[in-house]
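Notes to accompany the following structure.
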Amino acid sequence: MDKPLKISVVIPCYRVKAQVLDVLGRIGSEVTRVVCVDDACPEQSGAFVEQHCKDRRVKVVYLPQNLGVGGAVMAGYRAALEEDPAIVIKLDGDGQMDPRLIPVLTQPVISGLADYAKGNRFYSLENLKSMPAVRLFGNAVLSFMAKFSTGYWNIADPVNGYTAISGKVLRLLPLDKISRGWFFETDMLFRLNTLGAVIIDVPMDARYASENSNLRISRIFIEFMWKHARNYVKRVFYNYFLRGFSFASVELVLGFILMSYGVGFSLVKWSEAEARNQYASAGTVMIGALSIIIGFQLLLSFLNEDMRNQPRVPLQSRLP
C-alpha cells in the first residue's frame, strides 16, 4: 500500500494575528506539516500561534529580523524541505486564501500535469465584483508586466500568492537568489521558466474582508518595473541564446538592429534637414521608415514566438 503524500503548508506571518488562527483551523487533514514563519512580527504572531494553536502539525519558525514576505516564504520553504515533502503550499495568514482549496490546488501537481499550480482570481467575471477597484487595476498592471518578464503568457493571475509546488522542483530553485520583497512571486516564475517548469492556473474566489494589505502599488511600481526589465533580459538571454538558438533569436537581433538604425538614421537626417531649413528627400524618408517597419515586424514576430514558447512537459516527470 502506497504511503500518503507529504504535503507541507508555509504561512508567512506578519501582522496577521487577528486572522491566523482561523486560517490554521480550516487546514484539512491532507496536510502533514504547517510551517508558520514569524517574520519579526511586531504583534508576535509566532508566540501567539504557539500559545493558542494545539494542532501538532504546526511548527513556528522565528526570524531574528524582518526579511520581507519573500524572505519569510523562502525560510518557510527551507524548513518544509527538511521533511522531504512531495508538495509545498504557500498560503497567506490574512484569510484571503481559503485553505479548503488545498486539495484542488495540489491535484495538478499530484497527477503530474504541472510542476507549479497557482490560484486564479480572474477566472470568473462575477467573482471580480468583490475585488476592490484599486486592487483590480493594480493586479492587472502587475500581471501584464509579469507575463512579459516571466514568459508564462498563459497564466491569468501571475501575482497570485496561493501556490503549490512539487518538492522535487522546489529543491532546484536557488532560494537564496529569489527576491525577498513582494516581487518574490514573480521572481519565482522567472526562475521556474528558466528551468522549463510547467505552470497551471486553478480557479479560486477572491476573498476580501477587514484585513489590511501591506502592499502599496505606488511604492513598488518603479522597483517592479526595473526588476521586470532585468528578468526579461535575463530570460531572453538564457532561453534564446545561452541554452538554445532558433529563428526567433535571429528575429530579435535583426529586429533590434533595424529598429535602432531606422530611429537613429531618421533623427540624424531630420536634424540635418532642420538645420538647412529643407525637407528630407523621399529616398531618405523611405530608408528610415522601412528600417523601422521591418524591424518592428521582426520584433512582433519574436514576441509571438515567445508567447507560444511555453514549457509543456512537466519538469518533475524528467527528474529522478
Side-chain angles (χ1 to χ4, degrees), residues 1-13 16 20-39 45-46 49-50 53-63 69-93 95 97-119 160-176 178 184-185 188-189 191-192 195-202 204 311 313-320:
M1 182 176 179
D2 294 336
K3 293 182 178 180
L5 290 176
K6 291 183 179 180
I7 299 178
S8 296
V9 171
V10 172
I11 303 178
C13 295
V16 294
V20 67
L21 290 182
D22 178 63
V23 172
L24 292 172
R26 289 186 284 122
I27 295 177
S29 60
E30 68 278 355
V31 173
T32 55
R33 172 63 71 188
V34 180
V35 179
C36 292
V37 183
D38 185 323
D39 191 21
S45 297
V49 168
E50 288 188 322
C53 182
K54 305 304 179 183
D55 192 334
R56 294 185 178 181
R57 298 174 299 173
V58 176
K59 172 184 178 181
V60 178
V61 174
Y62 292 91
L63 301 183
V69 62
V73 173
M74 296 308 117
Y77 279 159
R78 292 188 185 93
L81 287 174
E82 292 177 359
E83 300 186 22
D84 196 24
I87 300 175
V88 181
I89 310 289
K90 184 265 178 180
L91 172 67
D92 285 343
M97 303 169 183
D98 190 350
R100 292 174 296 181
L101 290 176
I102 289 178
V104 180
L105 192 67
T106 56
Q107 187 55 42
V109 183
I110 293 174
S111 62
L113 292 176
D115 302 303
Y116 191 67
K118 289 179 62 67
N160 193 308
Y162 200 0
T163 65
I165 186 171
S166 162
K168 292 194 294 184
V169 175
L170 181 58
R171 289 187 179 279
L172 298 180
L173 290 175
L175 299 182
D176 58 325
I178 295 176
F184 85 97
E185 292 158 350
M188 278 196 65
L189 292 178
R191 303 286 178 180
L192 288 168
L195 293 175
V198 173
I199 297 180
I200 195 170
D201 270 341
V202 176
M204 63 170 283
V313 181
L315 180 61
Q316 61 172 312
S317 66
R318 292 173 274 151
L319 295 175

task = Identify the heavy atoms of Lys118 and Ile199 that sit nearest to each other, and give their distance.
result = CD-CG2, 4.3 Å
request  = Taking the side chain as every heavy atom from C-beta outward, state whether Ile89 and Val31 have any pair of such atoms under 4.5 Å apart.
outcome  = no
request  = Check whether any side-chain N or O of Asn160 sits under 3.5 Å from a backbone N or O of Gly119 as a donor-acceptor pair, and report yes or no.
outcome  = yes
query = In chain order, what residues pass the side-chain hydrogen bond (donor to acceptor under 3.5 Å, both in side chains) check against Lys90, with sequence neighbours excluded?
reply = Asp92
remark   = Looking only at heavy atoms, the pair that brings Val313 and Arg318 closest together is O-NH2, 2.9 Å
message = Strictly distance-based, threshold 3.5 Å: is any side-chain N or O of Thr32 a donor or acceptor partner for the main-chain N or O of Ile7?
response = yes
ask   = Is any side-chain heavy atom of Leu173 less than 4.5 Å from a side-chain heavy atom of Ile165?
value = yes
request  = For Thr106 and Leu5, run side chain to side chain contact (heavy atoms under 4.5 Å, CB included): C-alpha distance rounded to whole Å, both residues' side-chain angles, the deciding distance at 0.1 Å, then the answer.
outcome  = CA-CA 11 Å; Thr106 56; Leu5 290 176; over 6 Å; no
Cut-off 3.5 Å, no hydrogens considered: what does the side-chain donor-acceptor table look like for residues 72-83, sequence neighbours left out?
unit_1 : atom_1 : unit_2 : atom_2 : d
Glu83  : OE2    : Arg33  : NE     : 3.0
Glu83  : OE2    : Arg33  : NH2    : 3.4

inquiry  = Quick check: closest heavy atoms across Pro174 and Arg191, and the distance to 0.1 Å?
reply    = CG-CD, 4.1 Å
Validation row: Pro99, Leu91 side chains within 4.5 angstrom (heavy atoms) = yes
note = Between Leu105 and Ala117, the two heavy atoms sitting closest are O-CB, 3.4 Å
query = Do Ile11 and Val16 pass the side chain to side chain contact (heavy atoms under 4.5 Å, CB included) test, and can you show the C-alpha distance, the side-chain angles, and the key distance before you say yes or no?
reply = CA-CA 10 Å; Ile11 303 178; Val16 294; 5.9 Å; no
ask   = For atom CZ of Arg56, is the number of surrounding heavy atoms from other residues, nucleotides or ligands below 6.0 Å larger than 12?
value = no
task = Apply side chain to side chain contact (heavy atoms under 4.5 Å, CB included) to the pair Ser8 and Val35, showing each step before the final yes or no.
result = CA-CA 7 Å; Ser8 296; Val35 179; 5.5 Å; no
request  = Flag the pair Val34 / Cys53 as yes when at least one side-chain heavy-atom distance between them is below 4.5 Å, and no otherwise.
outcome  = no
task = May I ask you to decide if Asp98's main-chain N or O and Tyr162's side chain share a donor-acceptor pair within less than 3.5 Å?
result = yes
ask   = Distance from Ile27 atom CD1 to Asp22 atom CG, nearest 0.5 Å?
value = 10.5 Å
Any Thr163 side-chain heavy atom under 4.5 Å of Met188 side chain = no
ask   = Once you round to the nearest 0.5 Å, how far does CG of Asp38 lie from CG of Leu63?
value = 7.5 Å
task = State which residues pass side chain to side chain contact (heavy atoms under 4.5 Å, CB included) with Val104; sequence neighbours excluded, sorted by chain then number.
result = Val202
task = Mind checking the CD1-OG spacing from Ile200 to Ser111? Nearest 0.5 Å is all I need.
result = 7.5 Å
ask   = Taking side chain as C-beta onward, heavy atoms only, is Val9 less than 4.5 Å from Ile102?
value = yes
task = Output the distance between atom CG (Leu24) and atom SG (Cys13), rounded to the nearest 0.5 Å.
result = 7.0 Å
request  = Would you mind telling me which of Leu192, Val88, Val198 makes a side-chain contact (heavy atoms from CB on, under 4.5 Å) with Val169?
outcome  = Leu192
query = Any sub-3.5 Å donor-acceptor pair from Asp115's side-chain atoms to Pro314's backbone N or O?
reply = no
ask   = Which value, rounded to the nearest 0.5 Å, describes the distance between Arg171 atom CZ and Leu319 atom CG?
value = 12.0 Å
query = For Val109, does its backbone N or O pair with a side-chain atom of Gln316 as donor and acceptor, under 3.5 Å?
reply = yes
